[in-house]
Amino acid sequence: MKFVDVCLTHQELENSYCKNKIVVIIDVLRASSTINTLLYNKVKFVKPIEKLEECKKLKNHGYIIMAERLGKKVNGFDFGNSPTKINSKEFNGKKVALATSNGTKAILKTKSSKISLIGSFLNLSSIIDYINKENSSVLLLCSGWKGSINLEDTLCAGSIIYGLKNFQINSDTGLMAKKLYESSKDNILETMMKSSHAKRLSSYNNIIDIKFCSKKNTQPIIPYLKEEKLILL
Ligand code: MLT
């Protein structure tokens, strides 16, 4: 029997949770959406970074450096963490280093997985189809926000569970996530707009990112972690 489980914040993640599993890291607003968009725009790879200082050093090694804190671009970096600022002209073929508040930290915690995938609404069906074809149990790792659960990541985890076949939901968190999606599946954007993170981004007049990250299957690719770099499967 294949199992699916949900971890609602990366702070709750125990290393053992990842072993021998497909792990899908979800940070809808916005790290996983941004990473998907970067690889969809044909960057060479995305290197997820925890600390700002480490990210900044890579500028001297030919990287585009991107960093976000509290939802805003960090001074001294080329870009923040906005998927709508990414264009193939500037990014095609480039090495990218990305440091965000939660999402990149979550990714770096999953190295003991069988494989670590990046999931968002943008590549929802690609992720679901991949998992349904594999014969492994799955952990859906929501990044959350500074140790708290968030609505949009949990909603996306529920949308993945909703599409899985022949999987047993292994926890109440999985049941909750699926129920949340079932109650909101026809109005993802409207539901996301109620989230604390969407309110934070809206307060910076950044509605465009929320709308962009709420769209399903606009970028049918699968980013995965290989030797601490994110590339296309
Ligand atoms: C995060 O890592 O928590 C998010 O990606 C932050 C953001 O982009 O607003």
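The chain is numbered in sequence order, starting from 1. Each ligand, and each atom within it, is numbered from 1 in the order the structure gives. Source: prediction; values computed, not measured.
- Figure legend: cation-pi geometry between K47 and Y63 absent, as NZ or CZ is not positioned both under 6.0 Å from the six-membered ring centre and within 45° of its axis.
- For ligand 1, the 4.0 Å heavy-atom shell takes in D27, L29, R30, A31, E68, G71, N81, T100, S101, N102, G103, W145, H197, ordered by chain and residue number.
- Side chains of S113 and S116: a donor-acceptor N/O pair is present below 3.5 angstrom, by distance only.
- If you check the side chains of N36 and S33, you find no donor sitting under 3.5 Å from an acceptor.
- With sequence neighbours excluded, no residue satisfies ring-ring contact (aromatic ring centres under 6.0 Å, His included) with Y130.
- Put simply, the side chain of K59 reaches to within 4.5 Å of the side chain of D78, judged on heavy atoms.
- A cation-pi arrangement is present between K229 and F45 under the rule of less than 6.0 angstrom and at most 45 degrees off the ring axis.
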